[in-house]
Amino acid sequence: MCDVNRIYQLYLETRSKRKVAEIMGISRNTVSKYLNRIENCKNGLTNEILPEDEKVARPNTVCKGEIRDRILSMLLENQEKPKNKD
């Protein structure tokens, strides 16, 4: 629920769904969805903003498996190379 509160707080500060999405690392459509839910709750159309079994989804930006291993091996290889002092 704190993420939804943060979305709303940022929207009140910036008045920009795009900016909120950028700051939070979520899609603009997700920002719109939660702002609409907040508005519906204020108008009495629903009684909950975020169902208990639902969380604000954030994109998975963590490198996993082969990609992470390849990056680490490239970094190690780079450490062994002589430094160019030009």
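We use all heavy atoms of the structure for the numbers below, so side chains are in, but hydrogens, waters and symmetry mates are not.
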Practice prompt. Following the transitive rule for hydrophobic clusters with a side-chain heavy-atom cut-off under 4.5 Å over Ile, Leu, Val, Met, Phe, Trp and Tyr, establish whether L12 and I38 coincide in one cluster.
Written response: yes

Fill in: Distance in Å, Y8 OH paired with L35 CG, rounded so as to fall on 0.5 Å steps
8.5 Å

Practice prompt. To the nearest 0.5 Å, tell me how far N5 CG sits from L10 CG.
Written response: 11.0 Å

Practice prompt. Check whether any side-chain N or O of S32 sits under 3.5 Å from a backbone N or O of R28 as a donor-acceptor pair, and report yes or no.
Written response: yes

Item to complete: Could you pull out all residues at least two apart from T14 that satisfy side chain to side chain contact (heavy atoms under 4.5 Å, CB included)?
Response: S16, K19, V20

Item to complete: Output all residues satisfying side chain to side chain contact (heavy atoms under 4.5 Å, CB included) with N29, sequence neighbours left out; order by chain, then residue number.
Response: S27

Discussion item. Quick check for you: to the nearest 0.5 Å, what is the distance between R18 atom CZ and I23 atom CD1?
Written reply: 13.5 Å

Item to complete: Please check if atom CD in E66 has more than 12 non-hydrogen atoms from other residues, nucleotides or ligands closer than 6.0 Å.
Response: no

Worksheet item: Does any N or O in the side chain of N78 come within less than 3.5 Å of the main-chain N or O of M74, such that one atom is a donor and the other an acceptor?
Response: no

Discussion item. Before you tell me yes or no, could you show the steps for M24 and I7 under side chain to side chain contact (heavy atoms under 4.5 Å, CB included), namely the whole-Å CA-CA distance, both residues' side-chain angles and the distance that decides it to 0.1 Å?
Written reply: CA-CA 8 Å; M24 295 287 297; I7 289 169; 4.0 Å; yes

Worksheet item: So how far is it from Q79 CD to E77 CD, rounded to the nearest 0.5 Å?
Response: 11.0 Å

